[in-house]
Amino acid sequence: MSRVGKKPVTVPSGINVALDGTCVVAKKGNLEKRLETYGRVNVTIDGADVVFERVGEDKQSSAYWGTYRSLFNNIIVGLDQGYTKQLEINGVGYRASVAGKVLNLQLGYSHPIDFAIPEGLEITVEKNIITVKGTDKQAVGQAAAEIREFRPPEPYKGKGVKYTDETIIRKAGKSAKK
């Protein structure tokens, strides 16, 4: 039995939620997010709460129940507060800058790397910290992962692009012969 699916999603004021067939629509201002359930769960709107219920009694139905509840909760949190990921650049000569809709990275390669900022995301750079902001949790995480992938941190000197809350396990270098 899903413990996640049991909890109703409380919708804060300012966000409108409606059902469009099997699709749950959340709107805040001109932003609209849709979650298509394909009829795998029953959705009821009870005032400021959105309740998800299982369709069947099988294991797959229970899995969908918790998953769709979590996905909808992510939409509500994204519209209400937004999501943020921060990356830190470590290394001599490594730097980043934003020019229009492109993030320019210089990470020790013979060429600069231009990362096109996806629609709906905002990327800012302050010193050696890159901040990715947006309303879609998956898009923010994917963009941050793609930026980190250009130069992952290495274990000997810790150079590269890492999340600010990530710890790099350092290795000892070569030891001299005795």
Side-chain angles (χ1 to χ4, degrees), residues 2-5 7 9-15 17 24-36 50 63 66-177:
S2 173
R3 287 183 230 158
V4 174
K7 296 192 296 187
V9 178
T10 304
V11 179
S13 61
I15 298 176
V17 178
V24 186
V25 181
K27 286 182 83 170
K28 181 179 182 181
N30 59 353
L31 278 174
E32 179 181 300
K33 299 284 183 177
R34 303 174 77 81
L35 176 65
E36 179 61 60
V50 178
T67 301
Y68 281 114
R69 189 257 176 219
S70 290
L71 290 173
F72 185 70
N73 190 53
N74 290 345
I75 288 172
I76 295 300
V77 171
L79 287 175
D80 191 33
Q81 302 160 0
Y83 289 100
T84 303
K85 287 261 187 189
Q86 289 189 323
L87 298 138
E88 182 181 341
I89 300 176
N90 293 320
V92 177
Y94 290 11
R95 55 187 174 271
S97 63
V98 176
K101 296 292 283 173
V102 176
L103 174 68
N104 298 320
L105 298 164
Q106 293 177 347
L107 300 174
Y109 295 116
S110 61
H111 59 282
I113 298 168
D114 293 334
F115 177 73
I117 298 172
E119 195 66 37
L121 294 184
E122 177 187 331
I123 296 180
T124 57
V125 177
E126 190 171 315
K127 291 192 179 180
N128 66 335
I129 304 289
I130 301 170
T131 306
V132 183
K133 294 180 186 174
T135 58
D136 188 355
K137 185 175 186 177
Q138 193 272 336
V140 169
Q142 183 67 36
E146 287 174 8
I147 293 169
R148 182 184 183 276
E149 189 78 15
F150 291 128
R151 179 72 87 170
E154 54 97 13
Y156 295 101
K157 292 185 179 177
K159 292 168 56 172
V161 180
K162 71 178 190 80
Y163 297 110
T164 52
D165 56 351
E166 180 181 12
T167 55
I168 306 301
I169 298 171
R170 303 292 290 271
K171 289 183 178 179
K174 287 193 229 173
S175 59
K177 275 191 170 181

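None of the values given here were measured: they were computed from a predicted structure.
- When all heavy atoms of Pro155 and Ile168 are compared, the closest pair comes out as CA-CG2, 4.3 Å.
- In this structure, Glu126 and Thr131 have side chains that are not in contact, with every pair of non-hydrogen atoms separated by 4.5 Å or more.
- Applying the 6.0 Å contact sphere to OH of Tyr156 captures no more than 12 heavy atoms from other residues, nucleotides or ligands.
- The heavy-atom pair separating Leu121 from Val132 by the smallest distance is CD1-CG1, 4.3 Å.
- Contact check for Lys33 versus Asp136: side-chain heavy atoms found under the 4.5 Å cut-off.
- At most 12 non-hydrogen atoms from other residues, nucleotides or ligands lie less than 6.0 angstrom from NZ of Lys157.
- Closest non-hydrogen pair, Leu105 versus Ala96, comes out as CD2-CB, 3.5 Å.
- Here the closest heavy-atom approach between residue Ile117 and residue Leu103 is recorded as CG1-N, 4.2 Å.
- By the 6.0 Å contact criterion, NZ on Lys133 is open, its count of non-hydrogen atoms from other residues, nucleotides or ligands being 12 or less.
- Among all heavy-atom pairs drawn from Ala26 and Ile76, the shortest one is CB-CD1, 4.2 Å.
- For the pair Tyr94/Asn128, no side-chain contact is recorded, criterion being any heavy-atom separation below 4.5 Å from C-beta on.
- Under the 4.0 Å criterion applied to side-chain N and carboxylate O atoms, Glu36 and Arg34 are not assigned as salt-bridge partners.
- By the 4.5 Å heavy-atom criterion applied to side chains, Val24 and Ile75 are not counted as neighbours.
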